[in-house]
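In what follows, a structure is listed as structure tokens, so that the remarks can point back to it.
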Protein chains: 2
Amino acid sequence: MISHKIVPNISVDCVVFGFDFEKLNVLLVKREMKDEKSGALLISDHTLAGYHIFDDEDLDSAATRILKGLTGLDNIFLEQFGAFGQLDRVSAPRDKMWLDYINQGFADRIVTVGYLALIDNTKVTLTLKDRDVSWFPVTEVREMEMGFDHKFLFYKALEALQRKVKVEPIAFELLPDNFTLSQLQKLYEALLGTSFDKRNFRKKVAQMHYVIPLKKKQQGVPHKPAQYYLFSREVYEKTRKGRISFII
Amino acid sequence: MISHKIVPNISVDCVVFGFDFEKLNVLLVKREMKDEKSGALLISDHTLAGYHIFDDEDLDSAATRILKGLTGLDNIFLEQFGAFGQLDRVSAPRDKMWLDYINQGFADRIVTVGYLALIDNTKVTLTLKDRDVSWFPVTEVREMEMGFDHKFLFYKALEALQRKVKVEPIAFELLPDNFTLSQLQKLYEALLGTSFDKRNFRKKVAQMHYVIPLKKKQQGVPHKPAQYYLFSREVYEKTRKGRISFII
DNA sequence: ATTTCATTGTGTACTATATACACATAGTTA
DNA sequence: TAACTATGTGTATATAGTACACAATGAAAT
């Protein structure tokens with residue numbers, strides 16, 4: 001085990017989205033800080049998963065490392081949505097590394113690079129159980145206890161997600177490998193906060209030759225079983241034209 | 001004049017685009033470094049405009065400051081296109097601040113935040129004349145002497161520009177306040193590397209109610225004078241629907 | 001005064017995509 | 001065998017995209 005040097009004034013924050021077939025959720029870390037003597041609750045809120053970068057890793061690697069620690073998963077879809085260096089960003093208590101840094105005459109500044117991560121809920125549920133980490137519906141974040149800076153990052157990530165989802169087929173990252181068209185439709189409705197006509201939605205999907213029907217059908221459901229589909233990135237790459245609009 | 005503290009390991013690089021009614025250009029700084037004794041040329045290449053951030057400014061302010069120094073202009077269109085922390089990024093000779101930083105035990109790392117800037121050529125020509133700064137056609141960058149990291153940033157910026165220009169009306173930032181439809185068409189053709197049918201292009205622009213014809217016409221041109229138009233951001237904000245595709 | 005020149009400005013037919021809208025079907029459960 | 005629940009399908013209309021050619025303007029040259 002190598003001991004990494006931390007870069008004190010550069011951090012990465014991950015906004016992790018998941019979909020439970022009903023609504024869009026975000027992965028947050030519960031934080032509780034108590035006074036050492038009295039045991040009184042000083043802070044009780046939620047934070048994004050984030051940490052300083054190490055001196056021997058690039059930004060993407062730092063985000064990957066953080067997500068691995070959080071979910072146990074490698075190969076998570078990751079994309080930067082911005083770098084943030086507001087002067088009033090830092091509100092958290094400072095660790096020793098950081099205080100050393102300031103004492104040596106360097107500026108009391110953090111720049112954080114925001115990553116948005118999309119994960120397939122069905123793959124991660126097990127790994128989370130003994131951590132202070134859980135899913136929260138994105139629609140509830142507004143009312144939650146959460147530091148101003150992290151709430152800001154969350155909304156920037158959500159905006160970026162809504163923008164990108166219309167232009168690139170990244171929403172499939174939120175679904176299991178096999179999914180039904182109703183699940184896909186519910187996902188887009190949750191992402192964009194709209195609703196679509198079922199027939200028109202399916203007509204549109206039918207034009208996307210990279211969404212491929214399987215032989216497999218749903219089993220054990222108390223209604224007509226739905227057909228499963230898969231998303232083929234390979235076919236997507238081959239058949240995409242200069243077209244922009246992906247859905248809507 | 002306040003003396004600013006520099007944050008040694010965080011920088012901002014600006015990729016500045018301009019349009020001369022013929023082609024898309026990028027603003028680069030010529031760099032020549034000679035050996036102090038022999039006078040032999042050590043480096044002769046081009047760099048992006050960039051510098052470390054100060055401890056009392058946020059990232060946008062740093063980019064604004066750099067552009068002000070370069071062009072004399074305030075109010076330049078600016079947008080982040082990414083943060084970059086590749087371990088092999090740093091190749092430039094180190095200044096004292098940076099060496100101090102390393103000597104104090106901190107990591108030998110720079111993270112740079114890339115900004116893409118769009119400027120109206122007609123407003124900037126004067127201010128540039130006595131600087132080692134000039135316009136280069138983007139099509140020539142491939143063959144130019146330029147550090148690997150800056151070339152990489154340039155291409156990332158160009159990709160981001162081509163993506164954004166299709167989805168938001170930012171191309172107008174590259175034109176003067178009044179412009180002709182032929183100029184607008186040439187601009188999109190230069191940006192995207194394609195060509196459009198004149199009648200169809202104009203039909204499309206006619207649907208954009210925020211591109212407004214003026215009474216004014218071209219004067220002194222040796223052919224039928226073109227009508228001038230202006231872009232109204234106000235009308236754009238009011239009339240845009242959920243639509244994605246802007247041009248193409 | 002007339003011609004030449006360069007660039008602007010316009011219309012139509014055809015194709016493709018977007019939108020609005022209602023009912024039969026499959027398979028489980030009661 | 002009847003009831004339930006979600007799946008899966010088609011058509012008519014409106015809107016947007018594409019392909020394509022020639023007359024009009026005003027300056028400059030003869």
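Reminder, nothing fancy here: chain letters follow the sequence lines and each chain counts from 1. Note that the structure is a prediction, hence the values are computed from the model and not measured.
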Fill in: Distance, rounded to the nearest Å, where Gln219(B) contributes CD and dT7(C) contributes C1'
17 Å

Worksheet item: With sugar-phosphate meaning primed atoms plus P, OP1 and OP2, does Gln218(B) contact a base, only sugar-phosphate, or nothing at under 4.0 Å between heavy atoms?
Response: nothing

Worksheet item: In whole Å, what is the span from the CZ atom of Arg199(A) to the C1' atom of dT19(C)?
Response: 11 Å

Discussion item. Rounded to whole Å, how long is the line connecting atom CZ of Phe21(B) with atom P of dT8(C)?
Written reply: 13 Å

Discussion item. Nearest heavy atom decides the nucleotide; on that basis, is Thr180(B) or Asp197(B) closer to the 5' end of DNA chain C?
Written reply: Thr180(B)

Discussion item. Can a donor-acceptor pair be found, under 3.5 Å and without considering hydrogens, that links the side chain of His46(A) to the backbone of Glu145(A)?
Written reply: yes

Discussion item. Tell me if the NZ atom of Lys156(A) is crowded by more than 12 foreign heavy atoms within 6.0 Å.
Written reply: no

Worksheet item: Within this structure, what is the CZ-to-P distance between Phe179(A) and dA6(D), rounded to whole angstrom?
Response: 21 Å

Discussion item. Regarding dT18(D), can its base be found pairing with the side chain of Lys203(B) as donor and acceptor, where the two atoms are less than 3.5 Å apart?
Written reply: yes

Worksheet, complete the sentence: A correct 5'-to-3' footprint of nucleotides 23-30 of chain D, with B, S and - meaning base, sugar-phosphate only and no protein heavy atom under 4.0 Å, is -BBBSS--

Worksheet item: Does Ala83(B) offer a backbone N or O that forms a donor-acceptor pair with the side chain of Gln80(A) under 3.5 Å?
Response: yes

Worksheet item: Within the distance-only criterion (no hydrogens, no angle test), does the side chain of Glu79(A) pair as donor or acceptor with the backbone N or O of Ala117(A) below 3.5 angstrom?
Response: no

Discussion item. Looking only at the side chains, is there a donor atom on one of Tyr115(B) and Asp60(B) sitting less than 3.5 Å from an acceptor on the other?
Written reply: yes

Practice prompt. Can you spot which of Phe231(B), Tyr229(B), Phe77(B) makes a ring pair (Phe, Tyr, Trp, His ring centres under 6.0 Å) with Phe172(B)?
Written response: Phe231(B)

Practice prompt. Would you mind reading off the distance between Lys186(B) atom NZ and dA6(C) atom P, rounded to a whole angstrom?
Written response: 14 Å

Discussion item. Below the 4.0 Å mark, does dA6(D) have OP1 or OP2 next to a side-chain nitrogen or oxygen of Ser182(A)?
Written reply: no

Worksheet entry | Length of the CG-C1' vector between Asn200(B) and dT15(C), whole Å | 13 Å

Discussion item. Below the 4.0 Å mark, does dG9(C) have OP1 or OP2 next to a side-chain nitrogen or oxygen of Arg202(B)?
Written reply: yes

Practice prompt. Rounded off to whole Å, could you give me the CD-to-P distance for the Gln185(A) and dG8(D) pair?
Written response: 11 Å

Worksheet item: For Lys198(B) and dT10(C), is the shortest distance between a side-chain N/O and OP1 or OP2 below 4.0 Å?
Response: no

Item to complete: Using whole Å, report how far CZ of Phe201(B) lies from C1' of dT8(C).
Response: 14 Å

Practice prompt. Please state whether the rings of Phe81(A) and Phe84(A) are parallel, tilted or perpendicular, taking 30° and 60° as the class boundaries.
Written response: tilted

